[in-house]
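Scroll down for the structure; my scribbles are underneath it.
Worth knowing before you read on, the calculation uses all heavy atoms, side chains too, and leaves out hydrogens, waters and symmetry mates.
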Amino acid sequence: MLALNRTRHTRNDEGSSLVAVLIVMLVLTIAALALSTVVVNTAGITTDTRARSESRATADAGMVTTVAALKRGEISCPTAPAKTAPVEVAVDGVGTPTYTYSVSCTDTLAMVRVNADVRGEKTALQAEYGFGTSFSQGGDMVFFGTNAITFNSNVVVTDPGRKVNIVIPQATKFSCNAAIPGNLTVKGDVATQSGCNVSGNVAAGGTLDMCCGSDTFQGDLTLRGTGRSTIRGTINGNINANGALEFGWESKTIGGSVTTTGDVKLGNVRIQGALTFPSTRTYTPNSGVVVGGVVRPATVAAVPALTLPTWFEYKFQASDWPGYNVVTLVNSGSGPGTCKYFNASPGTGWTTWLGSLSTDTVLDARACTILSSNNGSSPVVQLKTNLVLLANKFDLTPVRIKASPSAASKPSLYIVTEDRTPSDTNPTCGTGQGSLYINGTVIEESVRAIGYTPCVVDIGSMGIDQWSGTLYGGSWTPGGKFTFTADPIGLPGMGAEHGISVETKTVGALQRQRDVPYADLSAWTP
C-alpha cells in the first residue's frame with residue numbers, strides 16, 4: 001500500500017515538471033519572436049538612417065560642387081526670374097543620378113538649389129551667395145590701323161551709364177566731329193572738325209588741332225607731342241602738354257590749370273586755374289585772362305609717355321570654348337552643313353538653323369570664302385544660347401540678331417576673323433581674309449557681341465546699323481549712321497591689357513543656407 005502511494009506521488013511530480021517545461025518553452029518562444037521583431041525593426045531603422053545620412057551627404061556634396069563650378073564660371077548664372085534647367089549629376093559621372101541642381105541670380109545674389117534622392121530619402125538645400133560685377137576698364141571700340149581714323153557725325157555712341165573708352169593705339173591721326181560719352185586715347189594727333197564733344201578725358205601721343213568753338217572736352221587734356229597745339233574750343237579740365245599751346249579768340253574757358261613745356265599764346269580765353277610754363281619760353285597774353293596766375297619756373301617736367309595696349313592676336317582653338325559644340329561648314333553642296341546653306345537664298349542657316357540651337361555652338365565657316373547674310377532673306381536670328389561665328393570675312397547685310405524669349409540669360413555672340421600670325425603683336429589681315437562688313441546690321445541690346453578682325457571694320461551706307469557689345473579691329477572705315485552701345489565682352493584670354501573692357505560676374509561669400517521642401521526643380525520659382 002505504501003509502495004503504491006509512492007508510485008502515484010512520483011507520477012504527479014513528473015506532470016508538474018512537464019508543465020514547467022512547457023511554460024519555459026512558451027516564454028522563450030515569445031522572447032525569440034520579440035527579439036526577432038526588434039532585430040528586424042532595428043535593421044529597418046538602420047537602413048533608413050543610412051539612406052537619410054547618404055541623402056544629406058549627397059546634397060551637401062552637390063551644393064559644394066555646384067558652387068565651385070559656378071565660381072569658376074563653368075556654370076552660367078541667369079538673372080532671376082530665369083534659372084538654369086535642372087541638371088542631373090551622377091557619382092563619378094556614371095550610374096544613376098544622385099543629385100540635381102539649378103541656379104538663378106539677381107544683381108546681388110546667386111541662388112543655388114540642390115535636390116538629392118537616395119533610396120527614397122529626399123533632401124533639398126538652397127544656398128544664397130553674394131553676386132557682384134567686377135569691371136576691367138579697357139576699350140569698348142579699339143582700332144589698331146596705322147592710317148588716319150575718323151569718327152564723323154554718323155557715329156552715334158550711346159551712354160551706358162559709365163565712361164565709354166575709344167582707344168586708337170597705332171594711328172597717326174584721329175579726326176572727330178562726333179559725341180563720345182567717355183574717354184578718347186590716341187597714339188598720334190587729334191583733330192576736331194566742329195561738334196566733337198568728349199565727355200571724359202582726351203589723351204594723345206601727339207598734338208591737338210581743335211578747330212572750332214563748338215568743340216568741347218569735358219575732362220582733362222594730355223598732349224605728349226612736342227609740336228604746336230591749337231585750342232579754340234572748351235576744355236573743362238586741366239591741360240598738360242609737351243609743346244607750344246595757342247588758344248583762340250572764341251571767348252572760351254579752360255576750367256582747370258594749364259601746364260606745358262613750350263611757348264604759350266593766348267587769344268581771348270579765360271583760364272580758371274594757373275598757367276605754368278618755363279621762363280625760357282615765349283609768352284603772348286593778348287586778351288587772355290589767367291585767374292590762377294602765371295607761374296614761370298626754370299623748367300617744367302615733361303608729360304610721361306602714353307601707355308597703350310598691345311594687339312591681342314587670336315587664333316582659334318576649340319579648347320578655348322569648353323562645352324561648345326563645334327559645327328564645321330564645307331564649301332560644297334547646298335544643304336545643312338554647307339556654306340551655301342547660309343550664303344545663298346533662302347539663307348536657311350541664318351533664318352532657321354541658328355535660332356534652333358539649344359547648346360553653345362561654334363560655327364566654323366573658315367572653309368567658306370565668306371560668311372554672308374546678304375542673300376535676299378534679310379534674316380532675323382533669335383539666339384537661345386552663346387554663339388561663335390568664325391570666318392575669313394563677313395558680310396552682314398542686312399541681319400538682325402536678338403535674344404530669343406526662351407533664352408535663359410543674355411546670349412554672347414563672338415564674330416571672329418582669326419589672326420593667323422600670332423607672333424608679331426600686330427594685326428595681320430592674311431591672304432583670303434577680308435573686312436567685317438556691317439551694313440544694315442542690327443545687334444540688339446538683348447545680345448552682347450564682339451566683332452574681332454585683324455582686317456577692317458567697315459560700316460556700309462544703309463544707315464540703320466546698330467551694335468551692342470565691343471568692336472576690336474585692325475582698322476575702321478565709317479559709312480552711314482552707326483549706333484554703338486558699349487557692353488563689355490572679350491575673347492578667351494583677352495583683357496584690359498589688350499585694350500578691351502571686360503565685365504566679370506563674381507560669386508562671393510555665403511549669405512545663408514537652409515533646408516527647403518523637396519520639389520521638382522523645373523517648378524522652382526527663384
Side-chain angles (χ1 to χ4, degrees), residues 41 43-133 322-325 355-360 382-386 403-412 446 505-526:
N41 289 341
I45 292 171
T46 301
T47 300
D48 292 344
T49 301
R50 183 181 298 116
R52 281 196 294 271
S53 297
E54 290 179 2
S55 178
R56 162 62 63 176
T58 299
D60 288 338
M63 180 63 73
V64 170
T65 302
T66 303
V67 172
L70 183 64
K71 288 186 175 182
R72 291 193 299 267
E74 297 168 2
I75 297 175
S76 63
C77 202
T79 302
K83 61 181 184 293
T84 60
V87 179
E88 294 182 336
V89 181
V91 175
D92 297 328
V94 297
T96 304
T98 56
Y99 71 88
T100 307
Y101 71 83
S102 183
V103 177
S104 179
C105 291
T106 67
D107 289 339
T108 57
L109 285 178
M111 293 169 283
V112 181
R113 186 79 174 255
V114 174
N115 282 352
D117 185 348
V118 178
R119 297 188 298 279
E121 288 294 335
K122 298 179 178 181
T123 304
L125 300 178
Q126 181 168 313
E128 297 173 1
Y129 287 78
F131 189 65
T133 301
Y324 280 66
N325 181 35
S356 70
L357 296 174
S358 58
T359 59
D360 295 343
Q382 297 191 61
L383 292 180
K384 301 184 184 73
T385 60
N386 300 327
S404 167
S406 61
S409 58
K410 178 182 286 191
S412 293
S446 60
K505 294 289 188 179
T506 304
V507 179
L510 177 66
Q511 305 291 319
R512 66 171 178 167
Q513 179 172 313
R514 64 192 187 279
D515 288 7
V516 292
Y518 190 95
D520 185 354
L521 288 182
S522 62
W524 169 45
T525 301

Query - Any donor-acceptor N/O pair, Ser55 side chain to Ala51 backbone, under 3.5 Å - result: no
Query raised in the report: When rounded to the nearest 0.5 angstrom, what distance separates OG in Ser358 from CG in Asn325?
Result: 9.0 Å
Report task. Indicate yes or no for a side-chain donor-acceptor contact from Ser446 to the backbone of Ala403 under 3.5 Å, with no hydrogens or angles considered. Result -> yes
Requested in this report: Indicate the atoms forming the closest heavy-atom contact of Gln126 with Trp524, along with that distance.
Outcome: OE1-NE1, 3.7 Å
Requested in this report: Flag the pair Arg56 / Asp515 as yes when at least one side-chain heavy-atom distance between them is below 4.5 Å, and no otherwise.
Outcome: yes
Query - Residue pair Gln382 / Pro405: nearest heavy atoms and the distance that separates them - result: OE1-CD, 3.1 Å
Query raised in the report: Considering the options Asp60, Val67, Thr66, which one meets the side-chain contact (heavy atoms from CB on, under 4.5 Å) requirement together with Met63?
Result: Val67
Report summary line: Which of Leu125, Leu70, Val114 passes side-chain contact (heavy atoms from CB on, under 4.5 Å) with Tyr101? It is Val114
Report summary line: In short, Val103 meets Cys105 closest at the heavy-atom pair CG1-SG, 4.5 Å
Query raised in the report: Given side chains that start at C-beta, do those of Val118 and Arg50 come closer than 4.5 Å, heavy atoms only?
Result: no
Query - Exam field: side chain Asn115 to backbone Thr100, donor-acceptor pair closer than 3.5 Å - result: no
Query raised in the report: Which residues satisfy the ring pair (Phe, Tyr, Trp, His ring centres under 6.0 Å) test with Tyr324, sequence neighbours excluded?
Result: Trp321
Query - Electrostatic pair Arg514:Glu128 at N-O distance under 4.0 angstrom - result: yes
